[in-house]
Amino acid sequence: MNDKRPVNLDLTTIRFPITAIVSITHRASGVLLYAGIAVLLWMLQASLQSEASFSELKEVLANPLAQFIIWVTLAALAYHLVMGVRHMIMDLGYGESLEGGRRGAQLAIVCAVILIVLAGVWVW
Amino acid sequence: MVTAVTNLGRSGVYDWLIQRVTAVVLTLYTFFIVGFILSNSPLDYATWEELFSQFWVRIFSLLALVSLAAHAWIGLWVVLTDYVTTLTMGSKGTAIRLFLQVVLGVVTVAYTVWGIEILWGL
């Protein structure tokens with residue numbers, strides 16, 4: 001490979017279009033969600049172990065910090081899921097044009113924000 | 001020339017397909033669990049325990065766990081091979097990336113085994 005070929009990956013010099021923002025945040029939400037899986041598995045364990053641990057978990061879920069962590073995890077899940085569905089819709093051949101891609105990205109962001117707000121309402 | 005040795009499917013086409021099949025499984029599982037909790041609100045232990053005592057729910061959950069492991073591996077591989085490279089990190093880039101992949105691989109296996117233990121109450 002020619003090591004001297006020009007490469008511009010200086011992200012600070014690139015203005016991100018909405019499709020790029022959606023792409024990078026899809027990745028970021030996936031990484032965040034990967035950490036959040038530990039929280040979800042922990043909750044599943046506590047909820048299934050015994051009746052006592054189930055009610056203990058309910059008490060923990062009344063704590064604002066715990067609620068915040070769970071909301072962040074659910075927000076990452078909602079965002080990642082919506083962006084994934086967007087990907088699959090584009091795989092099926094819809095919204096593949098430049099304008100379609102932008103529209104789809106905007107629509108996906110609106111859907112994700114609604115779900116994230118609803119997740120917040122659910123947790124609190 | 002990029003040699004595919006650390007990605008799950010050994011080829012981009014397989015990775016592409018695995019990522020989508022697992023995404024569908026995980027989406028269905030998410031809808032199933034969230035839907036169940038919402039339609040049985042406020043959730044009590046007996047209802048919840050009864051759900052996971054059913055064989056098909058355990059199999060569905062296991063399927064979701066395995067899908068999660070594959071999906072996370074492919075996704076994290078993409079992220080790591082894009083951002084943790086010799087280009088961004090200097091000459092040690094590849095070593096750092098392989099180290100991170102080992103760590104994430106261990107975590108992913110731990111998640112899967114932990115999930116199985118929860119489901120079958122070991």
Side-chain angles (χ1 to χ4, degrees), chain A residues 1-3 5-11 23-24 26-58 61 73-74 76-78 80-92 115 118-119 121-123, chain B residues 1-2 16-17 19-24 26-31 33-34 37-38 41-53 57-58 61 64-65 68-69 71-76 78-80 82-83 85-88 104 107-108 110-121:
Chain A
M1 192 176 82
N2 176 13
D3 284 333
R5 65 190 180 144
V7 177
N8 180 16
L9 272 181
D10 183 1
L11 298 179
S23 172
I24 186 79
H26 188 189
R27 287 177 169 204
S29 66
V31 172
L32 188 63
L33 189 52
Y34 184 73
I37 293 301
V39 179
L40 295 178
L41 279 175
W42 168 75
M43 290 202 321
L44 186 66
Q45 183 170 42
S47 68
L48 286 175
Q49 214 160 43
S50 66
E51 185 131 33
S53 66
F54 183 89
S55 35
E56 231 171 81
L57 177 66
K58 275 203 161 171
L61 295 189
T73 305
L74 291 179
L77 174 63
H80 197 77
L81 199 152
V82 169
M83 294 309 154
V85 170
R86 169 177 176 265
H87 248 292
M88 305 258 249
I89 290 171
M90 292 182 83
D91 286 343
L92 293 174
L115 284 177
L118 286 177
V121 173
W122 192 26
V123 172
Chain B
M1 170 71 186
V2 178
W16 184 91
L17 185 64
Q19 199 66 343
R20 274 144 189 85
V21 172
T22 53
V24 170
L26 290 166
T27 303
L28 293 176
Y29 191 73
T30 304
F31 283 155
I33 294 295
V34 172
I37 295 174
L38 286 179
S41 183
L43 191 66
D44 61 69
Y45 178 71
T47 316
W48 187 238
E49 206 272 327
E50 150 74 18
L51 176 72
F52 281 92
S53 68
V57 175
R58 290 183 180 188
S61 304
L65 275 172
L68 175 77
H71 193 91
W73 183 263
I74 292 171
L76 291 168
V78 168
V79 170
L80 286 176
D82 269 358
Y83 306 125
T85 64
T86 46
L87 198 70
T88 57
L104 292 170
V107 172
T108 305
Y111 276 169
T112 312
V113 174
W114 187 16
I116 292 169
E117 284 191 358
I118 295 169
L119 290 171
W120 273 273

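By convention in this document, chain letters (A, B, ...) are assigned in the order of the sequence lines, proteins followed by strands, and residues within each chain are numbered from 1.
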**Fill in**
dist B:E49:CD -> A:E51:CD (nearest 0.5 Å) comes out at 9.5 Å

**Asked** Without hydrogens or angle criteria, can the side chains of A:Y34 and B:T108 be said to hold a donor-acceptor pair below 3.5 Å?
**Response** yes

**Prompt:** Is it the side chain or the backbone of A:A35 that comes within 4.5 Å of chain B heavy atoms, both, or neither?
**Reply:** backbone

**Request:** Heavy-atom pairs under 4.5 Å with chain A are the metric here; pick the option from B:L43, B:L26, B:L51 that has the most.
**Result:** B:L43

**Asked** When rounded to the nearest 0.5 angstrom, what distance separates CG in B:D44 from NZ in A:K58?
**Response** 7.0 Å

**Fill in**
So, the part of B:Y111 with a heavy atom under 4.5 Å from chain A: the answer is both

**Fill in**
In this structure, CG of A:D91 is separated from CD of B:Q19 (nearest 0.5 Å) by 11.0 Å

**Message:** Taking side chain as everything from C-beta outward and backbone as N, CA, C, O, which of these in A:L40 sits under 4.5 Å from a heavy atom of chain B? Side chain, backbone, both or neither.
**Reply:** neither

**Fill in**
Turns out that what part of A:L74 lies under 4.5 Å from chain B's heavy atoms comes down to neither

**Prompt:** Which bit of A:L81 is near chain B, if near means a heavy-atom gap under 4.5 Å: side chain, backbone, both or neither?
**Reply:** side chain

**Request:** Just do the side-chain contact (heavy atoms from CB on, under 4.5 Å) check on A:H87 and B:R20 with the steps written out, would you?
**Result:** CA-CA 9 Å; A:H87 248 292; B:R20 274 144 189 85; 3.9 Å; yes

**Message:** With side-chain contact (heavy atoms from CB on, under 4.5 Å) as the criterion, how do A:M88 and B:T27 come out once you've worked through the C-alpha distance, each side chain's angles and the decisive distance to 0.1 Å?
**Reply:** CA-CA 12 Å; A:M88 305 258 249; B:T27 303; 5.8 Å; no

**Message:** For B:W48, which atoms come within 4.5 Å of any heavy atom of chain A: side chain, backbone, both, or neither?
**Reply:** both

**Item:** Side-chain donor or acceptor of B:Y45 paired with backbone N/O of A:L48 under 3.5 Å
**Value:** yes

**Message:** As an exercise: rank A:S55, A:S50, A:G84 by heavy-atom pairs under 4.5 Å with chain B and give me the winner.
**Reply:** A:S50

